[in-house]
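Comments concern the structure below.
Numbering of ligands and ligand atoms starts at 1, following listing order.
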Amino acid sequence: MTVIKVNKEDLLLRDCAVEELTEYYKALSYKKGRDMTYSVRTYGCQLNESDSEKLCGMLESVGLKESPSDEAADVIVFNTCAIRENAEDRLFGNLGMVKSDRISDKDMIVAVCGCMTMMSSNVAKIQKSFPYVDLVFDPQHLHLFPVYLRDAIRNRKQLVNISAEDYIVDDSLVPISRKRKFRALVPIMYGCNNFCTYCVVPYARGRERSRDLSEIVYELEELASKGYKEVMLLGQNVNSYKSADGKNFLHVLEAAASIKGFSRVRFMSSHPKDISSGIVDMMASSPVIETHLHLPLQSGSDAVLKRMNRPYNRDDFMKTAMYFREKVPNGALSTDIIVGFPGETEEDFIRTLEVVKECAFDSAFTFQYSKRPGTKAASMEDQIPQDIVTDRFQRLLEVQNDLAYRSNLSKVGKTEQILIEGQSSTAPDILTGRTMSNHLVNFTIPDELKDPSKTSDDYEGMLCEVEFTHARPYSVDGKMVKIDD
Ligand code: 5AD
Ligand code: SF4
């Protein structure tokens, strides 16, 4: 499969479409006597969040404004996830909910993009059961969204544009509307070559391709100069990064950490096969690289790992985890685990529980295996009955919840620096933020530190010291003791 760098003709085509759409929506806005709006609904991982920021950027570039509510907008884009069946079910449910609005408003556009569109069964279902969807396009061609949108408006019949070409597009060529004023999501590589037997990502996102380091550094420097405090380096296997001129992930991490202005450099998601001691050493010594490592285990059984096509065993994983614990003693280790993979025995599951306990993960994303059409595991014998999967899932949750609580408990009495993310969703006078190790913290500001001229929003992106007073299952409570900037 060829990896194509975006060409000039495509960009020219996009510029023409942007011009035409701008005129079109200006006229429509005049006719309707109101602003034209969009709503981008995102499912799944942070790479999808990042893609959505680009979709929003492109929609804003033609004059649309983000819809103030989740209700109807003039352009609705569903940026989908295919990793598990329930994400797909949710999409189909939500598509059904926009039907009446779309049918009564002939000017409205409903678009579907993201990983689900790379599975032909999903596209066939949209064509058959959701004829009012105007546009379906694949994630590789996100940068051409304005062209597809223009064509869908011109032709007024369902437009499906799916191709398996692997593109790499310099992100500076796509307008980005960043959703957090302190955190910038920066993809450094796209795609996956690993073909874990349960996973659709390699089919949906194509082969691995890395951005040039110089492009990444240019973007990072620009972000730092705009005042972003936190940068999140993203990739399906972020540490498989390998640029055409031979640079690896350590080079990117080093470059990001050396740019003045960032307080936090994070990265997601790591593959255990690619975590070198060099990466952990850099986490241990750098004052800005987050002391949090997300290391997906998937299973603690060597036999299951082998059938999953994960090229490491339990001992390899434990070695990496223990090296991290030794070098980064105040750090946090998180993971992904799947229960109920085909053929998983009770003994296999017990091994997973053992590794979870030995690693004492600070947090974990736990999943029930979901059969994905087209993957190798879907045709494996010995699919596990749902009642056994549910039982194992509950037992794993119990163990992990206890570990997460203990991790939060270990913080109580300490004082650490927090990057403030904003107002807590539960109480207006409580702020929320994260430690360097990614622990979630909710905290109050004592009267003597309160600045009456500031609203909660003004604190977003600021650094402060918080003393931890109380542990909860998924967060820590505390009180601010000092503002750092
Ligand atoms: N079923 C359940 N979980 C899955 N994941 C990936 N594919 C599947 C599947 N078919 C999980 C893995 C991965 C995370 C992003 O999603 O744990 O690390
Ligand atoms: Fe999926 Fe495995 Fe690639 Fe992760 S490494 S995206 S789990 S195939």
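- Counting only heavy atoms of the protein, atom 10 (N) of ligand 1 lies nearest to Ser370 O, 2.8 Å.
- Under the 6.0 Å distance and 45° angle rule, Arg84 counts as a cation-pi partner of Phe367.
- The Arg372 neighbourhood of ligand 1 comprises atoms 10 (N), with distances under 4.0 Å to a heavy atom of that residue.
- Aromatic pair Phe182/Tyr228: ring centres not closer than 6.0 Å.
- Summary of contacts: the protein heavy atom closest to atom 6 (C) of ligand 1 is Ile83 CG1, 3.4 Å.
- Summarising the contacts of atom 13 (C) of ligand 1 with Thr197, Asp336, Thr335, the nearest heavy atom is found in Asp336.
- Residues Val231 and Arg264 fail the side-chain proximity criterion, which asks for heavy atoms closer than 4.5 Å.
- Judged purely by atom type and a 3.5 angstrom limit, Asp134 uses its side chain to pair as donor or acceptor with the backbone of Val110.
- Taking every heavy atom of His271 and a limit of under 4.0 angstrom, the matching atoms of ligand 2 come to 5 (S).
- The closest approach between any non-hydrogen atom of Gln368 and ligand 1 is below 4.0 Å.
- Every atom of ligand 1 with a heavy atom of Ile338 under 4.0 Å away is listed here by number and element: 3 (N), 4 (C), 5 (N), 12 (C), 17 (O).
- Checked against the 6.0 Å centroid threshold, Phe130 and Phe92 count as a close aromatic pair.
- With a 4.5 Å cut-off on side-chain heavy atoms, Phe324 and Leu295 do not count as touching.
- Residue contacts with ligand 2 for Pro202 involve side-chain atoms from C-beta outward but no N, CA, C or O (heavy atoms, distance under 4.0 Å).
- Taking atom 1 (Fe) of ligand 2 as the reference point, the nearest protein heavy-atom neighbour is Cys199 SG, 2.3 Å.
- Every atom of ligand 2 is numbered from 1 in the order shown, and the set under 4.0 Å from a heavy atom of Asn194 is 5 (S).
- Shortest contact from atom 12 (C) of ligand 1 to any protein heavy atom: Gln298 OE1, 3.4 Å.
- The closest protein non-hydrogen atom to atom 7 (N) of ligand 1 is Tyr198 CD1, 3.3 Å.
- If you look at Phe468 and Phe443, their ring centroids are not closer than 6.0 Å.
- Met116 pairs with exactly one of Asn122, Val136, Val200 by the side chain to side chain contact (heavy atoms under 4.5 Å, CB included) rule, that one being Asn122.
- Between Arg310 and ligand 2 there is a heavy-atom distance shorter than 4.0 Å.
- The shortest distance between side-chain heavy atoms of Met436 and Leu419 does not fall below 4.5 Å.
- Closest to atom 7 (S) of ligand 2, if we only count protein heavy atoms, is Tyr198 OH, 3.4 Å.
- Between Phe78 and Tyr43, the ring planes are tilted. Angles from 30° to 60° get that label.
- In this structure, the ring of Tyr474 has its center no less than 6.0 angstrom from the ring center of Tyr405.
- At a cut-off of 2.8 Å, Cys192 does not coordinate atom 1 (Fe) of ligand 2 through any N, O or S atom.
- Close approach to Tyr369 involves these atoms of ligand 1, each under 4.0 Å from a residue heavy atom: 1 (N), 2 (C).
- Protein heavy atom closest to atom 5 (N) of ligand 1, with residue, atom name and distance, is Arg84 NH1, 3.4 Å.
- With a cut-off of 2.8 Å, atom 3 (Fe) of ligand 2 has no N, O or S atom of Cys196 in range.
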